[in-house]
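Remarks on the structure that follows.
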Amino acid sequence: MAAFAALTPSVLAAQEHAPAGAPPGLLTVDGGLMFWTLIVFIAIFTILAKFAFPAILGAVQAREAALVKAIEEAKADREAAAKLLADHKAQIDAARGDAQKLIADGRQTAEAMRSTMLEETRKQQSDLLERAKRDIETEKTAAIADLRREAVTLAIAAAGKVIEKNLDDAQNKKLVEGYLSSLN
Amino acid sequence: MHSRFSRLFRFIALAAVAAALLAPADVVAQAGEEHAAQAADTVGGKKKDYIMPHVLNSDHTYLPWLGHGLEKEIALPHWEPIHIGPITLDLSPTKHVVMLLIASTLLVIVMLVAAKGAQRAHAEGRPTRGLAAAIEAMVLYLRNDVILPNVGHNGEKFVPFCLTAFFLILFCNLLGLIPYMGTATGNISVTATLALLSFIMIEVAGMRALGAGYINTIVWWPHDLPVSVKLPVTLIMTPVEILGKFTKPFALAMRLFANMTAGHIAVLALIGMVFTFAQLLNYGVGSWVAALIPVGLSTAIMGLEVFVAFLQSFIFMLLTAVFIGQIRESHH
């Protein structure tokens, strides 16, 4: 029990209560020993923390740091790759759109050209037809006129020969022409 | 084994004198006391205590000696106590101070040799060998699997402290198992100082991690309760929280001290039984046979002590790491 009595909360108290020369108990707190323990611990801590642990743990810490760095780099690489992939995808999409647009444009152009050409051809054809018709008409008219004139000449010549004996030329011609115009 | 025989020789040489009759103060040695008292020699009416002087601190230490008693007592110098204000400090190097210095010197030598070996091995890109490999394995295991997981995020700065505590305690524990040496960690002053350092470490870690929130580890003030509930609970819980802060280092100090002391007392008490049996059997042949029982038992206890030396240093460090982790993560 005396030993427990010696277990006093502080070094100071322990030293005050412990009578000089009394045998130390199991639970006697010894300020001097505490001081030495403190000094020894701090000294060891300083030495080991400075010279021993970094050397022993250095390789592991370096490996850990390298690992962290590698992971981060891999992450960055993956992000970059994903970005690149997205870019490429976008480019391909754009290219596909362009191509489709080109094809559509081409088709449209061709369509337009075809219809224009068709129209032109048709127009030319109709023009040609029209001109031919017109020519034919003109020719026909001219031929009719020619024919009529020839017929008049022929008829006059024939009639002249027929009625040479009874009528003078002027009177007869008038007569025939009057007849012919009535035919129209 | 060597240790056990040396202890045995030491005690055979002193067989004529009685084993310890413990003072009532030395309650821890109750088991040993009983046996030791039976072996007490009453020649000259003087009863000598062999157990407690071994465990307690003293102003002398022993060296191996081939002469009488197989030991030579070395008186340590006594210095005048120094006075700092009202405090009187006797800084005389006692037995445990000497043991502390021996243990720390050995520790520094071992660690520096290991560090050099590890450094060389790393530089050459090969695995470490021998002592360096052993120390590296321990350091790496403690750091990666014990300290860092318990201390929590960014625990790197607590690793040197925990490792230093572990190795210093381990070396002191193991040094105590060597004959003629003493166990500094079996002294409450030493364990109390180490626990005090742990306490400071824990609280500083708490202050740094929590900032102003550190006050919540002292004053219990939950924000999600009505004041009518909060106030009485706080009045009850705050003393508990404050008490909890001091019970942790107190338990650390007591656990280490008691474990180291108890083992030595058990071994010494068992060896004391050798002489008790010898006396009871009138120093005949039977006493030699009977001696085998306590000798076998004390051998087993010494084996256990080697394990306990590692275990207790591990527990001290583990609990320090756990407490640091707890306070750093305590957000009320």
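Note on naming: letters A, B, ... go to the chains in the order of the sequence lines (proteins, then strands), and numbering restarts at 1 for each one. Given the structure is predicted, the values throughout are model-derived calculations rather than measurements.
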Report task. State, to 0.1 Å, how close A/Thr28 and B/Ile188 come at their nearest heavy-atom pair, and which atoms those are. Result ->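 Looking at all heavy atoms of both residues, the closest pair is O-CG2, 3.5 Å.
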Query raised in the report: How far apart are the closest heavy atoms of A/Ile44 and B/Leu107, and which atoms are they?
Result: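 In terms of heavy atoms, the two residues are closest at CG2-CD2, 3.7 Å.
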Do you know which of [options] has the most heavy-atom pairs under 4.5 Å to chain A?
options: B/Val108, B/Val159, B/Leu163; answer: B/Leu163
options: B/Gln119, B/Arg143, B/Met111; answer: B/Arg143
options: B/Ala118, B/Pro160, B/Ala115, B/Ser189; answer: B/Ser189

Between [Y] and [X], is there a side-chain heavy-atom distance shorter than 4.5 Å?
X: A/Trp36; Y: B/Thr94; value: no
X: B/Leu197; Y: A/Phe41; value: yes
X: A/Phe45; Y: B/Leu168; value: no
X: A/Phe53; Y: B/Thr164; value: yes
X: A/Leu33; Y: B/Val190; value: yes
X: B/Leu89; Y: A/Met34; value: no

**Report entry** Derivation of the side-chain contact (heavy atoms from CB on, under 4.5 Å) call for A/Val60 and B/His122
**Finding:** CA-CA 10 Å; A/Val60 180; B/His122 296 155; over 6 Å; no
**Report entry** Structural part of B/Thr105 lying under 4.5 Å from a heavy atom of chain A
**Finding:**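 Neither part, no heavy atoms under 4.5 Å.
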Query raised in the report: Out of B/Thr185, B/Thr193, B/Leu196, B/Thr191, which one pairs with A/Thr37 under the side chain to side chain contact (heavy atoms under 4.5 Å, CB included) rule?
Result: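 Result for side chain to side chain contact (heavy atoms under 4.5 Å, CB included) with A/Thr37: B/Thr193.
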Which atom pairs, donor and acceptor, lie under 3.5 Å between side-chain atoms of residues 96-103 of chain B and protein residues at least two apart or in another chain?
from: B/His96; atom 1: ND1; to: B/Asn187; atom 2: ND2; distance (Å): 2.8
from: B/His96; atom 1: NE2; to: B/Thr183; atom 2: O; distance (Å): 3.3

**Report entry** Flag if over 12 foreign heavy atoms under 6.0 Å of CZ, A/Arg131
**Finding:**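 Counting neighbours around CZ of A/Arg131, 12 or fewer heavy atoms of other residues, nucleotides or ligands fall under 6.0 Å, so no.
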Query raised in the report: Within a radius of less than 6.0 Å around NZ of B/Lys116, do more than 12 heavy atoms belonging to other residues, nucleotides or ligands occur?
Result: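 Counting neighbours around NZ of B/Lys116, 12 or fewer heavy atoms of other residues, nucleotides or ligands fall under 6.0 Å, so no.
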